[in-house]
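Worksheet: the structure to be examined is printed underneath.
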Amino acid sequence: MKKVKKAVIPVAGFGTRFLPATKSTPKEMMPLIDKPIIHYIVEEAINSGIETIIFVTGRHKRAIEDYFDYYPELEQVLLKTGKEEEVEIIRNISNMAEFVYIRQKEQLGLGHAVLTAKSLVGDEPFAVLLGDEIIKSDVPGIRQLIDIYYKFGKSVIGTMEVKREDVNKYGIVDGKEITEGIILVDKLVEKPSIEEAPSTKAIIGRYVLTPNIFEALEETPIGKGGELQLTDGLAKLREKEVIYAKNIDGFRHDTGNKVGYIEAIIDFALGRDDIKDSVKNIILQKCKEIEQS
Ligand code: G1P
């Protein structure tokens, strides 16, 4: 069985929910403490055995390319002031993996973004990680799906249970549980209404896909929002081969909305030995002030 060595990370979106911050800064570059969100996503992929990261970018995303490149001028300045540790930190970022970039010239949906990477992926299974979601877990989120891929050799979708009133924000899947926590998918619907939703099992931004997804996407009609939806492409793929889904173990931070982003910052700050006590005191103090007001 071929190894899962490549990951596609679509990063062409405008990030309109964070305007004006995202007018000139890609949303993926917004920091969680001192690392941009995209750094955590790339780390998850690398800690799962991925060697090549394929970014599907847009014309306003140059900062991502610069972030994963060397920066000799900065290294020189740091070296002159004896900051060897910082040099190591910024250099290691570029050495984490092989980074490849392809432009999605028009924003025609997630399915279209994945299809844009077709020639770079080739005839291999690959991972897809969406940049809005950070999964905090013992075993990296995408690794959990790759492990299932190695068992069955078919596509695997990462899911989580959501409240019924939230089904219209996600792709929803349903199917039969074949072993604990793993289902054989028989239905996939992109952002259904509460009435249409076959279950409350929502697709989160992690997938391991066979290369047959590309042909399926090419045959998929334009879907919700006038976009080529990956969920619809998966429904097409399922007509030809089986697909599995697994609830990912861990906590999913949705950094694509303001409250989720703040929650992620607090959670990561409280996990850091260097700042957790100060941050905890600030939160406690703020809570006290709210109670007294
Ligand atoms: C995309 C997918 C959807 C999935 C979601 C996870 O939607 O189309 O199926 O559930 O990501 O975050 P988006 O959030 O980009 O609208």
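Nothing fancy with the numbering, it's 1 onward along the sequence. These figures come from a predicted structure and were not determined experimentally. As the structure lists them, so they are numbered: ligands from 1, and atoms in each ligand from 1.
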* Output every pair passing salt bridge (Lys or Arg N to Asp or Glu O under 4.0 Å) with a member in residues 71-90, not counting sequence neighbours, ordered by first then second residue. => E75-R91
* To do: Sequence neighbours left out, what passes ring pair (Phe, Tyr, Trp, His ring centres under 6.0 Å) with H253? Give chain and number order.
  => F251, F268
* To do: Could you tell me which residues satisfy ring pair (Phe, Tyr, Trp, His ring centres under 6.0 Å) with Y207, sequence neighbours excluded, listed by chain and number?
  => none
* **Under 3.5 Å side-chain donor-acceptor pair for E161 and T200** => yes
* **Protein residues having a heavy atom less than 4.0 Å from any atom of ligand 1** => L110, L130, E133, Y170, G171, E190, K191, I203, Q229, T231, R252
* **N95 side chain to N92 side chain, donor-acceptor N/O pair below 3.5 angstrom** => no
* Asked: Without hydrogens or angle criteria, can the side chains of T57 and Q104 be said to hold a donor-acceptor pair below 3.5 Å?
  -> no
